[in-house]
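Each remark here refers to the structure printed beneath this line.
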There are 2 protein chains.
Amino acid sequence: MGRPGAYPKGVARRREILDRAIEVFQERGLQGTSLRRIAEAIGVSHAALLHYFASREQLLVAVYEHAETQRGVRHPVPPETAVGVMTRAAVDNVEVPGLVELYSILVAGALEAGSDYGKRFFTARFERIRRELTERILAEQRAGTVRDDVPAEQLAALLVAASDGLQIQWLLEPSIELERTLASWTVLLRPQ
Amino acid sequence: MGRPGAYPKGVARRREILDRAIEVFQERGLQGTSLRRIAEAIGVSHAALLHYFASREQLLVAVYEHAETQRGVRHPVPPETAVGVMTRAAVDNVEVPGLVELYSILVAGALEAGSDYGKRFFTARFERIRRELTERILAEQRAGTVRDDVPAEQLAALLVAASDGLQIQWLLEPSIELERTLASWTVLLRPQ
DNA sequence: GTCTATACGAAGATAGAC
DNA sequence: GTCTATCTTCGTATAGAC
């Protein structure tokens, strides 16, 4: 099908675009990360980028994925409680400059009509994260360390939602104590 | 200071701009709501809009405020629990087409450097909502209907965050049952 | 105070040549 | 695979009429 990425040179180019895009993004912010600026940093025309990414949105999603993957490599997830996993991820997120902004913009864009790619990506991402968290919570409920009078699926959705929402609140008002507030979930989930 | 809105015509114009903007927004989505399209719907030049709103962002924030105020008029908030207030607001939100998209885009934009107006607006808004919710929770804690082993301020922040985050998840995956999931907070907040 | 006309610069996207 | 050239649209700014 001739999709870029299947051949060595295409793979390298694609990676270079992402690397440069991340640099531009961290130097000039999201609004300064236009196709033209990224292309300029590489030394090609902006139209060339669209050979590897169908749109700016897809490129930015790839940037987000790339940044997230790299972080996952640095901090492999040890066996931990659901609350611990979520809290750690949230704290890690807000420590990467611009990451929450990027995530928020992309998610918001995914809600809009016409954003097929972003919608698919984040729908799948939310589903995966909720599923993983649900598994952890189920195990903890069976072990008796988490209350079981609320379905694990609902707790998972609430944990993800609270984490996303609180990162935003924290960016606007750092006095809210992100980590401590999320850690309160441990108390809320204590068995009856 | 010559701020528009002090004279009858200006007040009416300002309101008309907001009304038309909402219409355009609901018909064509957020991306289709450019200054030029709104102006076209009214029959003025797009530069005229900037006489009443300093930027597109400020206009959209005003649109959001307007929509939110109108909804508040239709559904006055009766004395209710914190969880009830939050759940009702969330359900109301997702029922207005495009409202969560608009809110999400504006909040995400407020996180970006250079967004002074949006940053101020949403910082103040979050603070106000957290404060009102904290008051409600404190009263319920004193009444013994809500657990008091987690500070009311933290519970308020978590409720707001979970509500915001879950509205987004619901838009992407309506099977998660927004209302029922948020209602689970009642169980989580039950006194020990 | 209200508004039109106009211009600027930047953006995403596309077409077609090489 | 990459380019140049171009299209269209956008937000914003300014000058000036009424």
Side-chain angles (χ1 to χ4, degrees), chain A residues 1-18 20-21 24-25 28-63 105-106 109-110 112-118, chain B residues 1-18 20-21 24-25 28-63 102 105-106 108-110 112-118:
Chain A
M1 301 301 292
R3 201 186 64 223
Y7 295 85
K9 181 169 184 185
V11 174
R13 236 332 180 219
R14 204 183 141 95
R15 186 189 202 95
E16 185 183 8
I17 293 173
L18 287 182
R20 290 285 164 278
V24 172
F25 171 65
R28 326 203 44 138
L30 186 56
Q31 220 164 10
T33 308
S34 63
L35 294 179
R36 281 174 170 84
R37 265 201 218 283
I38 301 167
E40 186 188 7
I42 302 176
V44 298
S45 75
H46 75 279
L49 305 189
L50 295 177
H51 187 69
Y52 297 91
F53 301 91
S55 67
R56 179 178 182 251
E57 182 195 23
Q58 293 196 24
L59 195 161
L60 289 180
V61 169
V63 166
I105 283 280
L106 292 176
E112 285 195 66
S115 162
D116 287 343
Y117 183 83
Chain B
M1 300 299 291
R3 203 185 65 223
Y7 293 83
K9 183 171 184 183
V11 174
R13 232 342 175 219
R14 202 183 145 95
R15 187 190 201 96
E16 186 183 7
I17 293 172
L18 290 182
R20 290 286 163 278
V24 172
F25 170 66
R28 324 202 48 136
L30 186 55
Q31 220 164 10
T33 308
S34 64
L35 294 179
R36 282 172 171 84
R37 265 200 219 284
I38 302 168
E40 188 188 5
I42 302 176
V44 297
S45 75
H46 72 280
L49 305 189
L50 295 178
H51 187 68
Y52 298 91
F53 303 92
S55 69
R56 179 179 183 251
E57 184 195 23
Q58 294 196 24
L59 169 58
L60 289 181
V61 168
V63 166
L102 178 59
I105 283 281
L106 291 177
E112 283 196 68
S115 162
D116 287 343
Y117 184 82

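All chains are named by letter (A, B, ...) in the order of the sequence lines, taking the proteins before the strands, and each is independently numbered beginning at 1.
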Check your understanding: Tell me: CZ of Arg28(B) to C1' of dC10(D), nearest whole Å?
Key -> 15 Å
Check your understanding: From the list dG11(D), dA13(C), dT2(C), which nucleotide is the closest neighbour of the side chain of Ser55(A)?
Key -> dA13(C)
Review point. Of all the choices, dT14(C), dT6(C), dC3(D), which nucleotide is nearest to the side chain of Ala47(B) once you look at every atom?
Key: dT6(C)
Study note, to complete from the structure: When rounded to whole Å, the CG to P distance for the pair Leu50(A) and dT4(D) reads 14 Å
Study note, to complete from the structure: Contacts of Gln58(B) meeting side-chain contact (heavy atoms from CB on, under 4.5 Å) (sequence neighbours excluded), chain-then-number -> Ala54(B), Ser55(B), Tyr117(B)
Review point. Glu16(A): what forms a side-chain hydrogen bond (donor to acceptor under 3.5 Å, both in side chains) with it, not counting sequence neighbours?
Key: Arg13(A)
Exercise for review: Work out which heavy atom in Ile105(B) is nearest to a heavy atom in Gly109(A); give both atom names and the distance.
Suggested key: CD1-N, 4.3 Å
Practice item. Return the set of residues passing side-chain contact (heavy atoms from CB on, under 4.5 Å) with Leu102(B) (not counting sequence neighbours), or none when no residue passes. Key: Phe25(B), Leu30(B), Leu60(B), Val63(B), Tyr64(B), Leu106(B)
**Study point:** Rounded interatomic separation in angstrom, taking CG from Leu49(B) and P from dA13(D)
**Key:** 14 Å
Check your understanding: Taking Gln31(A) for the side chain and Glu112(B) for the main chain, is one N or O donor matched with an acceptor at less than 3.5 Å?
Key -> no
Study note, to complete from the structure: Taken to the nearest whole Å, CZ/Arg56(A) to C1'/dA10(C) is 12 Å
Any protein N or O atoms within reach of nucleotides 16-18 of chain D? Criterion: under 3.5 Å, listing atom names and distances.
none

Point to revise | d(CD, Glu57(A); P, dA13(C)) in whole Å | key: 9 Å
Exercise for review: Mind checking side-chain hydrogen bond (donor to acceptor under 3.5 Å, both in side chains) for Glu57(A) and listing every partner two or more places apart, or none if nothing turns up?
Suggested key: Ser115(A)
Atom pairs and distances, side-chain donor-acceptor, residues 34-50 of chain B, under 3.5 Å, sequence neighbours left out:
residue  : atom : partner  : partner atom : Å
Ser34(B) : OG   : Arg37(B) : N            : 3.3
Arg37(B) : NE   : Gly32(B) : O            : 3.2
Ser45(B) : OG   : Ala48(B) : N            : 3.4

Exercise for review: Ignoring backbone atoms, establish whether Arg13(B) has a side-chain N or O less than 4.0 Å from OP1 or OP2 of dG1(C).
Suggested key: no
Check your understanding: Whole-Å distance between dT4(C) P and His46(B) NE2?
Key -> 11 Å
Exercise for review: Using only side-chain N and O atoms of Tyr52(B), determine if any of them is under 4.0 Å from OP1 or OP2 of dC3(C).
Suggested key: yes
Practice item. Remember a base hit wins even if backbone is also touched, and classify Ala48(A) as base, sugar-phosphate or nothing at under 4.0 Å, heavy atoms. Key: sugar-phosphate
Check your understanding: Which residues satisfy the side-chain hydrogen bond (donor to acceptor under 3.5 Å, both in side chains) test with Arg56(A), sequence neighbours excluded?
Key -> none
Exercise for review: Answer yes or no: is there a side-chain heavy-atom contact under 4.5 Å between Leu18(B) and Phe53(B)?
Suggested key: yes
Review point. Are OP1 or OP2 of dC3(C) and a side-chain N or O of His51(B) less than 4.0 angstrom apart?
Key: no
Check your understanding: Any side-chain N or O of Ser45(A) less than 4.0 Å from the OP1 or OP2 oxygen of dC3(D)?
Key -> yes
Exercise for review: Could you identify which residues of residues 34-42 of chain A place a heavy atom less than 4.0 Å from some atom of DNA chain C, listed by residue number, or say none?
Suggested key: Ser34(A), Leu35(A), Arg36(A)
